[in-house]
Amino acid sequence: VPHTYDPTTHPAEPGYSIKYNSLIEIRNARFIDADHDGVIKAGEECRITFEIMNRSSITLYDVQPTVFDVSGNKHIHISPNLHIESIAPNTGVRYTATVLAGKKLKDGVAVIRVGVAQGNKEITSQFKEFSLQTRRR
């Protein structure tokens, strides 16, 4: 179950600043691992999916879903973040990131944070965070 954080009270990702826009909503954030047990195991390929909704009356441009491992685990690899050219008013897009656990992953916890940035690397959405058990196998 993801936790939601207000970015005005939490630090931004490295290289990003905060410019909160409550009209950008992240919803239905889910972590899906290969065997559906909610644990990231060494060598396992997982996915994080979420919807980005534009709740404003204007088109949003240069939207960048962000998925980061904030725990700094060097054996967790996340697919590069993509850019979405635009999201029309009162519509949304679904985004999926691939999370690959390296073969040397150890027992512990990984924290994956999702959010949305716009333009000049400004985080504009609330965050959702997944705190996930990791297992060597």
Side-chain angles (χ1 to χ4, degrees):
V1 175
H3 306 283
T4 302
Y5 291 100
D6 180 338
T8 58
T9 60
H10 282 74
E13 304 307 328
Y16 287 82
S17 62
I18 301 289
K19 186 178 180 184
Y20 186 60
N21 177 352
S22 63
L23 297 175
I24 299 175
E25 178 187 0
I26 294 175
R27 67 178 198 188
N28 297 329
R30 292 189 321 230
F31 170 79
I32 304 159
D33 60 313
D35 59 9
H36 302 287
D37 66 355
V39 176
I40 302 175
K41 294 183 192 72
E44 189 172 37
E45 184 175 309
C46 311
R47 290 176 296 149
I48 290 185
T49 64
F50 57 98
E51 295 170 358
I52 303 165
M53 303 303 295
N54 177 1
R55 297 289 178 214
S56 73
S57 59
I58 61 169
T59 299
L60 298 174
Y61 293 97
D62 194 18
V63 178
Q64 303 155 37
T66 61
V67 181
F68 292 101
D69 171 15
V70 296
S71 54
N73 188 319
K74 63 183 179 181
H75 300 293
I76 300 282
H77 308 284
I78 299 172
S79 58
N81 298 325
L82 301 176
H83 287 252
I84 298 167
E85 188 174 315
S86 64
I87 303 175
N90 297 306
T91 63
V93 296
R94 178 171 288 142
Y95 183 74
T96 301
T98 301
V99 178
L100 183 61
K103 295 186 189 297
K104 294 183 179 182
L105 184 70
K106 297 190 176 29
D107 292 356
V109 176
V111 179
I112 310 290
R113 180 182 293 164
V114 302
V116 178
Q118 257 191 294
N120 295 321
K121 293 200 168 200
E122 294 174 328
I123 299 289
T124 55
S125 72
Q126 79 272 27
F127 299 131
K128 296 207 184 270
E129 237 173 47
F130 296 88
S131 185
L132 303 161
Q133 291 294 314
T134 61
R135 203 169 288 145
R136 188 176 193 126
R137 270 272 175 213

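Note that the structure is a prediction, hence the values are computed from the model and not measured. Quick note: residue numbers are just sequence positions, from 1.
By the side chain to side chain donor-acceptor pair (under 3.5 Å) test, Asp69 is found to be paired with Ser71, residues two or more places apart in sequence or in another chain being considered.
Taking the side chain as every heavy atom from C-beta outward, Val109 and Gln133 approach each other to under 4.5 Å. The shortest distance between side-chain heavy atoms of Phe50 and Val67 falls below 4.5 Å. A 4.5 Å side-chain heavy-atom check between Phe31 and Leu132 finds at least one atom pair inside the cut-off. Side-chain atoms of Ile78 and Thr98, non-hydrogen and from C-beta on, never get closer than 4.5 Å to each other. Inter-residue side-chain proximity for Val99 and Ile48 is flagged as met; some heavy-atom pair is nearer than 4.5 Å.
None of Val63, Val93, Leu60 except one satisfies the side chain to side chain contact (heavy atoms under 4.5 Å, CB included) rule with Asn54; the exception is Leu60.
Taken from OG in Ser56 to CG in Asn90, the straight-line distance is 7.0 Å, to the nearest 0.5 Å. Interatomic distance, NZ of Lys128 versus CZ of Arg27, reported as 11.0 Å (0.5 Å rounding). Here Glu85 contributes atom CD and His83 contributes atom NE2; the two are 12.0 Å apart, rounded to the nearest 0.5 Å. Interatomic distance, Cys46 SG to Ile112 CD1, rounded to the nearest 0.5 Å: 9.0 Å. Considering CD of Glu44 and CG of Asp37, their distance stands at 6.5 Å, rounded to 0.5 Å. With values rounded to the nearest 0.5 angstrom, Glu51 atom CD is found 11.5 Å from Thr91 atom OG1.
Residues Gly92 and Met53 approach most closely at CA-SD, 3.7 Å, considering heavy atoms. The shortest non-hydrogen separation linking Asp107 to Arg135 is OD1-CA, 3.3 Å. In terms of heavy atoms, Ile26 sits closest to Gly115 at CD1-CA, 3.5 Å. The shortest non-hydrogen separation linking Leu82 to Pro65 is O-CD, 3.2 Å. Of all heavy-atom pairs spanning Lys41 and Leu105, the tightest one is C-CD2, 3.9 Å. Between Pro89 and Ile58, the shortest heavy-atom distance links the atoms CG-C, 3.6 Å.
The closest donor-acceptor contact from the side chain of Ser86 to the backbone of Thr59 lies at 3.5 Å or more, if one exists at all.
No path of Ile, Leu, Val, Met, Phe, Trp and Tyr side chains, each step under 4.5 Å between heavy atoms, connects Val39 with Ile76, placing them in separate hydrophobic clusters.
Annotation: cation-pi pair Arg113/Phe68 absent, no NZ/CZ under 6.0 Å from the ring centroid and within 45° of its normal.
The environment of CZ in Arg47 is sparse: at most 12 heavy-atom neighbours from other residues, nucleotides or ligands sit within 6.0 Å.
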Give the intermediate values and the outcome of side-chain contact (heavy atoms from CB on, under 4.5 Å) for residues Tyr95 and Val116.
CA-CA 11 Å; Tyr95 183 74; Val116 178; over 6 Å; no

Does Thr49 form a side-chain contact (heavy atoms from CB on, under 4.5 Å) with Arg30? I'd like the steps, not just the answer.
CA-CA 5 Å; Thr49 64; Arg30 292 189 321 230; 3.9 Å; yes

Check against side-chain contact (heavy atoms from CB on, under 4.5 Å), Ile52 and Ile24
CA-CA 7 Å; Ile52 303 165; Ile24 299 175; 4.1 Å; yes

